[in-house]
> 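Before we start, here is the structure in question, set down as structure tokens.
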Amino acid sequence: MAADERWAGPPWKQREAAYYRLKAEIAGTLPQKVEARLPGFTQPIEFQELSTPVTMEHFQQGPRGAFHGMPARPGRLFAPWTHAKSPIPGLYLTGQDVMSLGIAGAMMGGVKCAGALSGPFGFFRVMGRIFKTAATSRRAGRKSG
């Protein structure tokens, strides 16, 4: 039996103690794994929250806790509702449904939106700035190390 099936019945915030212990363990472990590779990562963390598939299913009604919105089909990137600039004046969209699924897709949805706000060829200017900043950081790291 999968953990999400075991804890799917009780209402939100009313699950057994073992569920909350597991969440706390995972929430504590994940930042520490990043800290091991990027020292200082955990220092600025003031608050953290962990959502499980059970939580996602409760709030988004995604089957088995799936967190993605629109179906993952190739045509989704060209659908009119996936543009960062919406038909409503001044309303811009971002997130995974604007680009692709998951955390990286949500991040790139933000880049796509920033590009739309930057005018013609804005996406390419934003990406160019990201690459330039990353290269400058790498060079600075080599000089100081």
> Taking F131 as the starting point, is it possible to reach F121 by hopping between hydrophobic residues whose side chains are less than 4.5 Å apart?
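Yes: a chain of side-chain contacts under 4.5 Å links F121 to F131.
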> Report the distance from atom CG of L50 to atom CD of E25, rounding to the nearest 0.5 Å.
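With rounding to 0.5 Å, CG (L50) is 11.0 Å from CD (E25).
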> So with a 6.0 Å cut-off around CZ of F124, is the heavy-atom count from everything else above 12?
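No, CZ of F124 has 12 or fewer neighbouring heavy atoms, counting only those of other groups under 6.0 Å.
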> Would one find more than 12 heavy atoms of other residues, nucleotides or ligands at under 6.0 Å from atom CZ of R125?
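Atom CZ in R125 is crowded, with more than 12 foreign heavy atoms closer than 6.0 Å.
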> When you measure from the side chain of K112 to the backbone N and O of M99, does any donor-acceptor pair fall under 3.5 Å?
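No.
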> May I ask you to say whether K23 pairs ionically with E49, meaning some side-chain N is under 4.0 Å from a carboxylate O?
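A salt bridge links K23 with E49.
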> Between R15 and Y20, which heavy-atom pair has the shortest distance, and what is it?
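Smallest interatomic distance, heavy atoms only, reads O-CE1, 2.9 Å.
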> Please determine whether residues V54 and I26 belong to a single hydrophobic cluster, defined as Ile, Leu, Val, Met, Phe, Trp and Tyr linked transitively by side-chain heavy-atom distances below 4.5 Å.
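Same cluster: V54 reaches I26 through Ile, Leu, Val, Met, Phe, Trp or Tyr contacts under 4.5 Å.
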> Report the distance from atom CZ of F41 to atom CD of Q32, rounding to the nearest 0.5 Å.
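CD of Q32 is found 10.0 Å from CZ of F41.
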> With S118, which residues qualify under side chain to side chain donor-acceptor pair (under 3.5 Å), at least two apart?
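For S118 there are no side chain to side chain donor-acceptor pair (under 3.5 Å) partners, ignoring immediate neighbours.
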> What is the minimum heavy-atom distance between C113 and A84, and which atoms define it?
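Answer, listing the atom of C113 first, then A84: CA-CB, 3.6 Å.
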> Which heavy-atom pair separates M127 from V111 by the least distance, and what is that distance?
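Of all heavy-atom pairs spanning M127 and V111, the closest is SD-CG1, 3.6 Å.
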> Drop me the distance from M108's CE to F123's CZ, to the nearest 0.5 angstrom.
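Answer for the CE-CZ pair, M108 versus F123, is 4.0 Å.
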> Does the side-chain contact (heavy atoms from CB on, under 4.5 Å) test come out yes or no for V34 and L30, once each step is laid out?
CA-CA 7 Å; V34 177; L30 290 175; over 6 Å; no
> Going by atom types alone, do T55 and T52 pair a side-chain donor with an acceptor below 3.5 Å?
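Yes, a side-chain donor-acceptor pair sits under 3.5 Å.
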> How far apart are the closest heavy atoms of A18 and W7, and which atoms are they?
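The pair with the smallest heavy-atom distance is C-CZ2, 4.1 Å.
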> Check whether Y19 reaches the backbone of K13 with its side chain - one donor and one acceptor, N or O, closer than 3.5 Å.
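Looks like no, no N/O pair under 3.5 Å.
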> Can you tell me how far the OG1 atom of T136 sits from the CZ atom of R139, to the nearest 0.5 Å?
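It comes to 4.5 Å.
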> For a 4.5 angstrom cut-off between non-hydrogen side-chain atoms, does I45 reach P31?
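I45 reaches P31 side chain to side chain.
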> Take R129 and V126 through the test side-chain contact (heavy atoms from CB on, under 4.5 Å) and record every step on the way to the result.
CA-CA 5 Å; R129 183 69 182 249; V126 170; 5.7 Å; no
